[in-house]
Colleague: 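Have a look at this one before I ask anything.
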Amino acid sequence: MTTPKTGKLRIFLLILVALIIGAAWVALRTPASPFDGSAPPPAPSAELLQRGEYVARLADCVACHSTPNSKPFAGGLEMATPLGAIYATNITPDRASGIGEYSLADFDRALRHGVARDGHRLYPAMPYPSYAKMADEDVTALYAWFMHGVKPVVQANRESDIPWPLDMRWPLAFWNLAFTRPQPYQPQPGKDALWNRGAYIVQGAGHCGSCHTPRGVAMNEKGLDDGQPLYLSGALLDGWYAPSLRGDVNIGIGRWSEEEVVQFLKTGRNQHAVVFGSMADAFNNSTQFMSDDDLKAVAHYLKSLPGDPGRDGTPWKYDASTTAALAPQRLEGSGARTFMAKCAACHAVDGRGRAPWIPPLAGAVSSLAREDASAINVTLNGSARVVADGVPDAYRMPPFRSQLSDAEIADVLSFIRTSWGNHGGAVKVDDVSKLRERTNPASSNPIVLQMR
């Protein structure tokens, strides 16, 4: 005899079983690919290989899948996460340790869905939430180039340092369900072709949001496109502050023209800044190789993104009184003295730098942002070598970790971040100490991939 109580229990059990089955389906299913069931692609044409090589430049694949001492795309780069280090994989066409056995559909699932050929989920350090927006034609070209334009390298992949059970991959299926939108980019009506091309590159292959968009508690990007106000609004990532790419005049590119954005991406420098930190790798291997039309499209799109005065604060205005206070007879404070001894020769007493070769400190994002990680990191460790058109930069920022104590670095950066109208604020000695412990000097042997 069925009682109301037992009937409710059965309903509860049926719902529970259905939820378990549904959860298992989400966790274990293989995402569909438009290339499922298609015949193996024929030998690629020279034009397709050239297109694939260009897409690899747009996507900056080498920056994560190579190290200064490895062969191209052989993997091994260590990437820090809150749970432990993970290591980039071998994506050369080696059949044993690379992706040589991948079909076009397998490659697509890894690239745009974050699912490897054997079914395991990739950590979202692989920017598949952005690559999901890439067009089928670009995925096809990229696959052709990796299979026929990259030399296979035998190099085993390294397991992550994330401890069990946190290293289980199946929960990432639910992360993907919550935080990704696996659909190719759709041109926005009402926007011109230049804007849509820029949006496609920035949101998709360029994966600019992976560094420049703040992340939530689940390490999800708080925005995947310009429809969300925090998209590209600046983020702290792995010891660097990636600045806003929106119209913020202090912490973004609000004071830059479209032409200056193009100049920065093409040459690595303009009157406002010089590439450093993670952006140096992106420039060395990606942006400088983009076509002029694509650079113009990226700049056009970025300059359309509004800033947020509430987040950005009072617009910076140059204050010349600092320069007068740096006269030898008026020099006061250890920070000012260190600046004159170590910084002024290059960045100038007036803080304006020597554009375009040496960037200004007056009005720089690192001098105005509340996040001081980039200022500390580049002072401790110097900047990576910028290689433009095959020529290494002669004006590389040197590391000062051996010359200056934590207190001296905090003092000089506090001086810089509160001078010439800068309002970034003082730097704490403890913050310098923490970054000193977990960072290393920038390599003088940059990753510069020779694609041919």
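Quick note: residue numbers are just sequence positions, from 1. Since the structure is predicted, the reported quantities are computational estimates derived from the model, not experimental observations.
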Colleague: Got more than 12 heavy atoms from elsewhere within 6.0 Å of CG, Asp118?
Modeller: yes

Colleague: Please confirm whether the backbone N or O of Ile416 pairs with a side-chain atom of Asn422, one donor and one acceptor, at under 3.5 Å?
Modeller: yes

Colleague: Looking only at side-chain N and O atoms, does Ser433 offer a donor or acceptor that is under 3.5 Å from a partner on Asp406?
Modeller: yes

Colleague: Identify whether NZ of Lys or CZ of Arg in Arg396 sits under 6.0 Å from the centre of the six-membered ring of Phe276 and within 45° of that ring's axis.
Modeller: no

Colleague: Find out whether Leu232 and Leu302 are in side-chain contact, i.e. whether some heavy atom of one side chain is under 4.5 Å from a heavy atom of the other.
Modeller: yes

Colleague: Say whether, by atom type as modelled, one donor and one acceptor occur between the side chain of Thr379 and the main chain of Ala375 under 3.5 angstrom.
Modeller: yes

Colleague: If we ignore angles and hydrogens, is there a donor and acceptor under 3.5 Å between the side chains of Ser33 and Asp36?
Modeller: no

Colleague: For Ile201 and Met290, what are the C-alpha separation, side-chain angles and deciding distance, and is it a side chain to side chain contact (heavy atoms under 4.5 Å, CB included)?
Modeller: CA-CA 11 Å; Ile201 294 170; Met290 292 167 62; 4.1 Å; yes

Colleague: Hey, does the side chain of Asn90 reach the backbone of Ala156 with a donor-acceptor pair shorter than 3.5 angstrom?
Modeller: no

Colleague: Between Asp293 and Ser291, is any side-chain donor less than 3.5 angstrom from a side-chain acceptor?
Modeller: no

Colleague: Is the number of heavy atoms from other residues, nucleotides or ligands within 6.0 Å of NZ (Lys303) greater than 12?
Modeller: yes

Colleague: Can you check side-chain hydrogen bond (donor to acceptor under 3.5 Å, both in side chains) on Ser278 and Asp281, steps first, answer last?
Modeller: CA-CA 6 Å; Ser278 303; Asp281 285 336; over 6 Å; no

Colleague: Can Asp138 and Lys133 be counted as an ion pair, charged N to O under 4.0 angstrom?
Modeller: no

Colleague: Taking all non-hydrogen atoms of both residues, which atom of Arg385 and which atom of Asn284 are closest, and how far apart?
Modeller: O-ND2, 3.0 Å

Colleague: Counting only heavy atoms not in Arg169, do more than 12 sit closer than 6.0 Å to its CZ atom?
Modeller: yes

Colleague: Between Tyr301 and Gln203, do the side chains contain a donor N or O and an acceptor N or O under 3.5 Å apart?
Modeller: yes

Colleague: Looking only at heavy atoms, what is the nearest atom pair of Trp175 and Ala218, with distance?
Modeller: NE1-O, 2.8 Å

Colleague: Can Tyr241 and Asn377 be counted as having a side-chain donor-acceptor contact under 3.5 angstrom?
Modeller: no

Colleague: Please check if the distance between the ring centroids of Phe35 and Tyr143 is under 6.0 Å.
Modeller: no

Colleague: Using a distance-only test with no angle check, is there a side-chain donor-acceptor pair under 3.5 angstrom linking Thr439 and Asn381?
Modeller: yes

Colleague: Going through the checks in order, is the side chain to side chain contact (heavy atoms under 4.5 Å, CB included) test met by Ser233 and Asp308?
Modeller: CA-CA 9 Å; Ser233 63; Asp308 180 353; over 6 Å; no

Colleague: Is it the case that Tyr128 and Asn176 place a side-chain donor and acceptor less than 3.5 Å from each other?
Modeller: yes

